[in-house]
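What follows is a short report on a single structure.
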Amino acid sequence: MSAYQIKNFTSDDAGDAKSWPFQEARNLIKRMEKVKHNGPVVFETGYGPSGPPHIGTFGEVARTTMVRRAFELLTGRETRLIAFSDDMDGMRKVPPHVPNQELLAGYLQMPLTVVPDPWGSHASFAHHNNAKLRAFLDQFGFDYEFVSSTDCYREGKFDETLIRVMERYEAVMEIMLPTLGEERRASYSPILPISPTTGRVLYVPMLEIDAAKGEVVYQDEDGQKIRTSVRGGAAKLQWKVDWAGRWHALGVDYEMSGEDLTESVRLSNRIVMALGGEPPAGFNYQLFLDEQGKKISKTKGNGIAIEEWLTYASPQSLSLYMFQNPKAAKKLYFDVIPKIADEYWAHLEKYAEQDGAKALDNPVWHIHEGKPPTVLPPANFAMLLNLVSACGAGEEATLRGFIKKYRPGASAEELAAADELITFAGRYFEKFIKPNKTFRPPDAREQAALAMLSARLKEMGEAGSEDDYQTAVFDAGKAQNYENIRDWFKGLYEVVFGQPAGPRMGPFTKIYGAAATAKLIDDALMH
RNA sequence: GGGCCCUUAGCUCAGCCGGUAGAGCAACUGACUUUUAAUCAGUAGGUCGAUGGUUCGAAUCCAUCAGGGCUCACCA
């Protein structure tokens, strides 16, 4: 049973909360005062199904959810989150790294929901990726409604908006044309018909537009002039107009997006106004940087993938990363993981003693949608890394033994939480610490002390108590007249464990074994 | 070059509807003959990117500049 830390907040508390999700929520409130509808307030996130969901997808949904929950607390209003998939978009190029390249090559420019699934498991390429998106979001427990662009068009949900765009055709063109290059300007159309003969999404000019009938005339790929209704999926809208049209049709009240889309947002805002709507609230979050502070690009493969993060730390730690400073470009690389992981636990611990606006501004309130868990692991990531580092990976039982000694009062739940951390720490150690471990040779004094300790441990065998072993360690140090006994320990850790600190030696020896410990020491002395 | 965003202690970040700069970690000092990133006590460290302005008063508002990021053909 997992328990939550539930706190009650007054409207004053919410009003005083200053963290960015609350500020965003207040912007949304301002918008809601303008549009005044009584239905659920609609939040939207976007997804492009030409590739699998990634860390940016997670960030957008996590951050949007944070604003959503803050808004709910501030207003008490009902909300929905739409995870929208742009699966009617044409496939511009065959995505690399998928099987059956030649098969897909025959479907260029066709809607992604028409392109066959290269893995053969779903109705289409887009269906495959859409399923991935849902599994991905479900894995984190996000609350959302999946909406497919193709379904919206085919089921006629966007018909009215398509026709609205035709009615406001001049205004829309006036907004779009100045942003286009000369060549594109000549053939630009906000409405993209789907060719009835080839099935491709056509980027062709409209020869005729009849808003009253909802019909357009254009030239098909074979040169034939076609007059068609735009309804029911016969046509779609092009990018910025599509975005605006979707806001209009679905009544989107809030959507955030990456900084690279700043200009698109501006244009789509103007377009939705031309359609007679009010742009949603939202802001542009910053992109992530890699180790060297360069922009992360999927094709370059720098930076870090979400699976990689989750190999070494919890989704909560990733949420914390997303919570912090969304408007500053931040380094997203492996070396931030241990710090963020422990900051998460520190925030969670602090939450227990906070209340009012302070608690609402605590990241864990946002990460856990108002319900942070009560259980803290009895040891944090840095400590576990240290322990793993001492006895090597694959010694999980040993680590558990340590944790039980370290926190005798730890509950089963806490130990379970620690288990997860042990796994993470083990992996992190193998990948990032082990390769960089540096064992230094002992100096003469250390050599003497270590030799004495090893001999003593062998003599005592496995029957000694923790205290006996601990005393043996001290005796070895004292015999060498260390003025500060800590120096002896420091030296011992550096020589034997390859790091400046380590586990308490008595319990370590008891759990790890006296003979095994003596062997560690002997091995170190051989260097 | 135009537009938008960012720049607070060594590091990670908080503070920003104006009222003599904060946290954690790192550093340093002291205590502790038993050390679990030890612990405890304490110290130091920032002209809040720079310069002007508004103000009795600015990290907080305005302007300019610098550095970094994104964007300004096509596609999304």
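The chains referred to below are lettered A, B, ... by the order of the sequence lines, with proteins before strands, and numbering in each begins at 1.
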Discussion item. If you take the centroid of each ring, where Trp contributes its six-membered ring, are A/Trp365 and A/Phe22 closer together than 6.0 Å?
Written reply: yes
Practice prompt. Using a 4.0 Å heavy-atom cut-off across all strands, classify A/Lys330 as base, sugar-phosphate, or nothing.
Written response: sugar-phosphate
Discussion item. If you assign A/Lys18 and A/Ile485 each to the RNA chain B nucleotide with the nearest heavy atom, which residue ends up on the more 5' nucleotide?
Written reply: A/Lys18
Discussion item. Using whole Å, what does the distance between atom P of nucleotide B/C74 and atom CD of A/Glu182 come to?
Written reply: 12 Å
Discussion item. Is it the case that the side chain of A/Tyr153 and the backbone of A/Leu237 share a donor-acceptor pair, with hydrogens and angles ignored and the cut-off at 3.5 Å?
Written reply: yes
Worksheet entry | Aromatic-base stack, A/Trp239 on B/C75, cutoff 5.5 Å, angle under 30 | no
Worksheet item: Any donor-acceptor pair under 3.5 Å linking the side chain of A/Lys490 with the backbone of A/Ile485?
Response: no
Discussion item. Rounding to an integer number of angstrom, what distance separates B/C25 and B/U34 when you compare their C1' atoms?
Written reply: 26 Å
Item to complete: To the nearest Å, give me how far apart CE (A/Met176) and C1' (B/A73) are.
Response: 13 Å
Worksheet item: P atom, B/G30 versus B/A66: distance in rounded Å?
Response: 48 Å
Worksheet item: For A/Leu267 and B/A76, what is the distance between atoms CG and C1' respectively, to the nearest whole Å?
Response: 14 Å
Item to complete: Report which part of the nucleic acid A/Lys490 touches: base, sugar-phosphate, or nothing (heavy-atom distance under 4.0 Å, all strands).
Response: nothing
Item to complete: Answer yes if the ring centres of A/Tyr312 and A/Tyr428 are under 6.0 angstrom apart, and no otherwise.
Response: yes
Worksheet entry | Distance below 4.0 Å between A/Gln23 side-chain N/O and B/C16 OP1 or OP2 | no
Worksheet item: Of the nucleotides B/C74, B/U34, B/C70, which has the atom closest to the A/Leu180 side chain?
Response: B/C74
Item to complete: Counting Watson-Crick and G-U wobble pairs whose two distances are both under 3.5 Å, find the runs of 3 or more in a row that involve RNA chain B.
Response: B:1-7 with B:66-72, B:10-13 with B:22-25, B:27-31 with B:39-43, B:49-53 with B:61-65
Worksheet entry | C1' spacing across the pair B/C16 / B/G10, given as an integer number of angstrom | 24 Å
Worksheet item: Whole-Å distance between B/A37 C1' and A/Ile340 CD1?
Response: 17 Å
Discussion item. Could you tell me how far B/U8 sits from B/A59 if I compare only their C1' atoms? Round to whole Å.
Written reply: 7 Å
Discussion item. Applying a 4.0 Å non-hydrogen cut-off, can you work out what A/Leu261 is touching in the nucleic acid: base, sugar-phosphate, or nothing?
Written reply: base
Fill in: Minimum-distance nucleotide to A/Arg92 side chain [options: B/C75, B/U34, B/A76]
B/C75
Worksheet item: What distance, rounded to whole Å, do you find between the two C1' atoms, one in B/A14 and one in B/G46?
Response: 15 Å
Fill in: Per-nucleotide protein contact string for nucleotides 4-11 of chain B (B base, S sugar-phosphate only, - none; heavy atom under 4.0 Å)
BBS----B
Discussion item. Between B/C6 and B/C75, how far apart are the two P atoms, rounded to whole Å?
Written reply: 30 Å
Fill in: Test item: A/Glu349 side-chain N/O and A/Ala346 main-chain N/O as donor-acceptor pair under 3.5 Å
no
Worksheet item: Phosphate oxygens OP1/OP2 of B/C75: is one of them under 4.0 Å from a side-chain N or O of A/Arg184?
Response: yes
Item to complete: Looking at every strand, decide which applies to A/Tyr493 at a 4.0 Å heavy-atom threshold: base, sugar-phosphate, or nothing.
Response: base
Item to complete: In whole angstrom, give me the gap between the C1' atoms of B/A26 and B/A44.
Response: 13 Å
Worksheet item: Looking at the rings of A/Phe432 and A/Phe334, which for Trp means the six-membered one, are their centres under 6.0 Å apart?
Response: yes
Worksheet item: Do the ring centers of A/Tyr344 and A/His368 come within less than 6.0 Å of each other?
Response: yes
Fill in: Distance, rounded to the nearest Å, where A/His366 contributes NE2 and B/C13 contributes P
17 Å
Worksheet item: Looking only at atom types and distance, does a side-chain atom of A/Arg63 sit under 3.5 Å from a main-chain N or O of A/Met322, one as donor and one as acceptor?
Response: yes
Worksheet item: With sugar-phosphate meaning primed atoms plus P, OP1 and OP2, does A/Glu183 contact a base, only sugar-phosphate, or nothing at under 4.0 Å between heavy atoms?
Response: nothing
Practice prompt. Indicate whether OP1 or OP2 belonging to B/U12 is found under 4.0 Å from a side-chain N or O atom of A/Gln324.
Written response: no
Worksheet item: How about A/Phe508 and A/Phe497: are their ring centres within less than 6.0 Å of each other?
Response: yes
Discussion item. What is the separation between atom CG on A/Leu287 and atom C1' on B/C70, rounded to the nearest whole Å?
Written reply: 7 Å
Worksheet entry | Whole-Å gap separating P (B/C70) and CZ (A/Phe288) | 14 Å
Discussion item. Using the P atom as the point on both nucleotides, what is the distance between B/C17 and B/A27, in whole Å?
Written reply: 35 Å
Worksheet item: Roughly how far apart are A/Ser268 OG and A/Arg266 CZ, rounded to 0.5 Å?
Response: 11.5 Å
Item to complete: Specify the residue among A/Tyr203 and A/Tyr321 whose closest nucleotide of RNA chain B lies further upstream toward the 5′ end.
Response: A/Tyr321
Item to complete: Grab the CG-P distance between A/Asp342 and B/A23 for me, whole Å please.
Response: 20 Å
Discussion item. Between A/Phe288 and A/Tyr321, is the ring centroid distance below 6.0 Å?
Written reply: yes
Practice prompt. Compute the ring centroids of A/Trp20 and A/Phe283, then answer whether they are less than 6.0 Å apart.
Written response: yes
